[in-house]
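Below, each value reflects all heavy atoms present in this structure, side chains not excepted, and no hydrogens, waters or symmetry copies. Numbers restart at 1 for each chain; the letters A, B, ... are given by sequence-line order, proteins then strands.
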2 protein chains.
Amino acid sequence: MNAVNPAFAGSHDHRSCISHALGAAERLCASQGLRLTAIRRRVLELIWRSHRPSGAYELLGQLSAEGHKPSPPTVYRALDFLVAHGLVHKVSSRNAYVGCMHAGQDHVAQIFICDGCSLAFEQADGALDRRIRRNARDLHFHIREQTVEIAGLCPDCAETGRDD
Amino acid sequence: MNAVNPAFAGSHDHRSCISHALGAAERLCASQGLRLTAIRRRVLELIWRSHRPSGAYELLGQLSAEGHKPSPPTVYRALDFLVAHGLVHKVSSRNAYVGCMHAGQDHVAQIFICDGCSLAFEQADGALDRRIRRNARDLHFHIREQTVEIAGLCPDCAETGRDD
DNA sequence: AAGTTAATGTTATACAATTACAATGCGCCG
DNA sequence: CGGCGCATTGTAATTGTATAACATTAACTT
Ligand SMILES: [Zn+2]
Ligand SMILES: [Zn+2]
Ligand SMILES: [Zn+2]
Ligand SMILES: [Zn+2]
C-alpha cells in the first residue's frame, strides 16, 4: 500500500513536507553543533520547493532572482554541506539535488526518478543495503557510499504514456 | 573466493581482458548488424587500457595525441554507441566510462569504484536486480535503467591506508 | 582585543555535454 | 553507372556542471 510515498502520490500536502524537512534540518544542526546559515537554509528551501531534483545552476538562478547573486562556489558549498550532513541527496545520474525525506535517520537511500515528470522519490530498503554490503564484504571492498538510482516512469506517467 | 575479479585482483593478465572485450565487441556487432567503426573501436580500446573509468575529455586527449584530433561530439557519439549496445558502462557518479566485462550477456551491473586507486569492478548480482525490480513494482514504477555504484576502498587500498 | 577557524566572496578556469549544420561514406534501387 | 537515402563523421559554437586559488568577512576562543 505504500502509505508514505509523497512524491508519487497523486497529490499531497507539500507544505508539510517542507516544514518537516526544515524542522528536521534545524534540529539536526542544533543537535550536532552545525550552522544552518542563511544561504544553506535558503538553498535547502529552494530544493524543497518540489520533489524534482534541482540543478546547481537552477538554484543559482533562483537565488539571483531574489537579489543574492551568488557565484557557483557559494551554491556548491551549500550543497556540499547539505549533502555531507544528509539533508539532501545528490542524484548523480542527473547532476541534481533532491531533499532527503529521512534527514537525521541514518539510512541508505535508493532514489526513483521519473523520466516523464522528473519527480524523485526516495526509498530506504535495508535489505537492499545489506545485500550490497554483503557483496562488498565478499569482495573485501570497504564501502564509503552507495549510489542507487532507478530511472523510469512513475505510475502517473506510465499510465498517461508520457515518456519524456 | 571470487575467482573472477580482474580489477581488484592483485594483478592479472590484462592483455586477455582487452582481447576478450574487443573480441566480444566484434562478435556482438557482427551478429547484430552494427558497425564497429574505426573511432568506436579506438575509443573502446582506449577505455580498455585499464580498469579505471575514463572521462570523455581524457579519451579526447588520448585520441588527439595520436593525431586524430576529434572534437567532443565525435567522442560522445562513440561513447553513446558503446553504451547503447552494452559494450561500456557509464559511471554516473564520476562522469566516466568503463568497459563492460559481460558484453552481450544481458545483465544489470553494479559497479564498485575505489576512491584510492580509481579501479572499478563490475558485478552482476541478479538477486539485487530482482529486489530492485520488486521494489519498483510495489511502487508501480516502470524501470528503464538502474544505476548502482558503490564507492569506497578496494582491498589493496584499504590495507595500505590510501584513501584518495 | 588578538588569534583562530569556519564561512563566504571573487575571479578564473577546468571539465562535461549538447546543438546545429555541413560534409562524407555507404548500401541500394533503378 | 548514377542518383537517392541513411548512417556516420566533421566542425564551430555554446551551454551546463564543477572546482581551484586566493581574498575577505564573520563567528567563536582565549
Ligand atoms: Zn511534498
Ligand atoms: Zn534520504
Ligand atoms: Zn584487466
Ligand atoms: Zn556490464
- Pairing of R94(B) and E149(B) as salt bridge, 4.0 angstrom limit: no
- Query: OP1 or OP2 of dT8(C) less than 4.0 angstrom from a side-chain nitrogen or oxygen of K69(A), does that happen here?
  - Reply: no
- dT11(D) C1' sits how many Å from L60(B) CG, rounded? 13 Å
- Note on the structure: Side-chain contact check for P73(A): nearest option of dT11(C), dC26(C), dT8(C) is dT11(C)
- Query: OP1 or OP2 of dT9(D) less than 4.0 angstrom from a side-chain nitrogen or oxygen of R40(B), does that happen here?
  - Reply: yes
- Message: Measure OH/Y97(B) against P/dA17(C) and give the value in whole Å, please.
- Response: 4 Å
- Query: Given atom CG of L59(B) and atom P of dA17(C), what is their separation to the nearest angstrom?
  - Reply: 11 Å
- Query: From the list dT18(C), dG9(C), dA16(C), which nucleotide is the closest neighbour of the side chain of N95(B)?
  - Reply: dA16(C)
- Query: Looking at the rings of H102(A) and H20(A), which for Trp means the six-membered one, are their centres under 6.0 Å apart?
  - Reply: no
- Task: Using the six-membered ring wherever Trp is involved, compare the ring planes of H85(A) and F81(A) and label them parallel, tilted or perpendicular (cut-offs 30° and 60°).
- Result: tilted
- Message: For a quick test of reading the model: is some side-chain N or O of R77(A) closer than 4.0 Å to OP1 or OP2 of dT19(D)?
- Response: no
- Less than 4.0 Å between a side-chain N and a carboxylate O, is that true for R41(B) and E45(B)? yes
- Query: Atom OH of Y57(B) to atom P of dC15(C): distance rounded to whole Å?
  - Reply: 11 Å
- Kindly indicate, with the supporting measurements, whether the criterion side chain to side chain donor-acceptor pair (under 3.5 Å) is fulfilled by H107(A) and E122(A). CA-CA 11 Å; H107(A) 61 292; E122(A) 164 183 1; 2.8 Å; yes
- Item | Upstream residue (5' side of DNA chain C) when P72(A) and K90(B) are each assigned their closest nucleotide | P72(A)
- Task: Measure from CG on L34(A) to P on dA27(D) and round the result to the nearest Å.
- Result: 17 Å
- Check whether any side-chain nitrogen or oxygen of T37(B) sits under 4.0 Å from OP1 or OP2 of dT8(D), and answer yes or no. no
- Item | Distance test, side-chain N/O of S71(A) to OP1/OP2 of dT10(C), below 4.0 Å | no
- Item | Nearest-Å distance for atom pair OH/P, residues Y76(B) and dT17(D) | 13 Å
- Query: Taking CZ from R94(A) and P from dG16(D), how many angstroms apart are they, rounded to a whole number?
  - Reply: 16 Å
- Rounding to a whole Å, what distance do you find between D80(A):CG and dA7(C):P? 12 Å
